[in-house]
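These values consider heavy atoms only, across backbone and side chains, with no hydrogens, waters or symmetry-generated copies.
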Amino acid sequence: MALGNLFKSLLGSGGSEPQEQISDPVDHKGFTIEAAPIVEDGKFRTAGYISGELEGEVKRIRFIRADQHADLQAATDHALAKGRQIIDEQGKGLLHKDRL
């Protein structure tokens with residue numbers, strides 16, 4: 001057991017908090033989307049942030065989905081597409097939430 005834990009910690013999956021990889025921001029209909037896939041067990045979970053202005057303040061909302069991908073680019077592309085979809089479906093109303 002101890003040897004397995006050693007290998008996991010050396011390879012980056014030693015039970016620590018999942019890490020996110022934040023992309024460059026992308027604008028969509030007055031909002032900003034940042035893909036932030038989370039590394040979990042060697043896969044990348046779809047996640048990101050949507051930012052927009054609400055009553056003079058910039059609000060940043062986090063979204064996480066169940067989808068997992070084998071590589072970072074696929075997860076980034078999917079997170080950006082999901083961010084666009086959320087904006088298209090919810091519009092400014094999404095800024096009244098803490099997370100999606």
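- You'll find the side chain of I50 stays beyond 4.5 Å of the side chain of Q90, heavy atoms only.
- For T32, the side-chain hydrogen bond (donor to acceptor under 3.5 Å, both in side chains) partners two or more places apart in sequence, or in a different chain, are D27.
- Between A47 and A79, the closest heavy-atom pair is O-CB, 3.3 Å.
- Following chains of ILVMFWY side-chain contacts shorter than 4.5 Å, one can reach L54 starting from I33, so the two form part of one hydrophobic cluster.
- The CG atom of D88 sits 3.5 Å away from atom NZ of K29, with the distance rounded to the nearest 0.5 Å.
- Nearest heavy atom pair, residue R45 against residue E40, reads NE-OE1, 2.6 Å.
- Considering every non-hydrogen atom in both P37 and F44, the closest pair reads CB-CB, 4.2 Å.
- The minimum heavy-atom distance linking S23 with L80 is given by the pair OG-CD2, 4.4 Å.
- Rounding to the nearest 0.5 angstrom, the gap separating the NE2 atom in H69 from the NZ atom in K43 is 11.0 Å.
- Contact check for L95 versus F31: side-chain heavy atoms found under the 4.5 Å cut-off.
- Atom CD in Q68 sits 12.0 Å away from atom NE2 in H78 (nearest 0.5 Å).
- Considering all non-hydrogen atoms of both residues, S51 and E34 come closest at OG-OE1, 4.4 Å.
- When each of K92, K82, H28 is paired with I87, the side chain to side chain contact (heavy atoms under 4.5 Å, CB included) condition holds for H28 and for no other.
- Contact of the Y49 side chain with the I61 side chain is not registered, since no non-hydrogen atoms from C-beta on lie closer than 4.5 Å.
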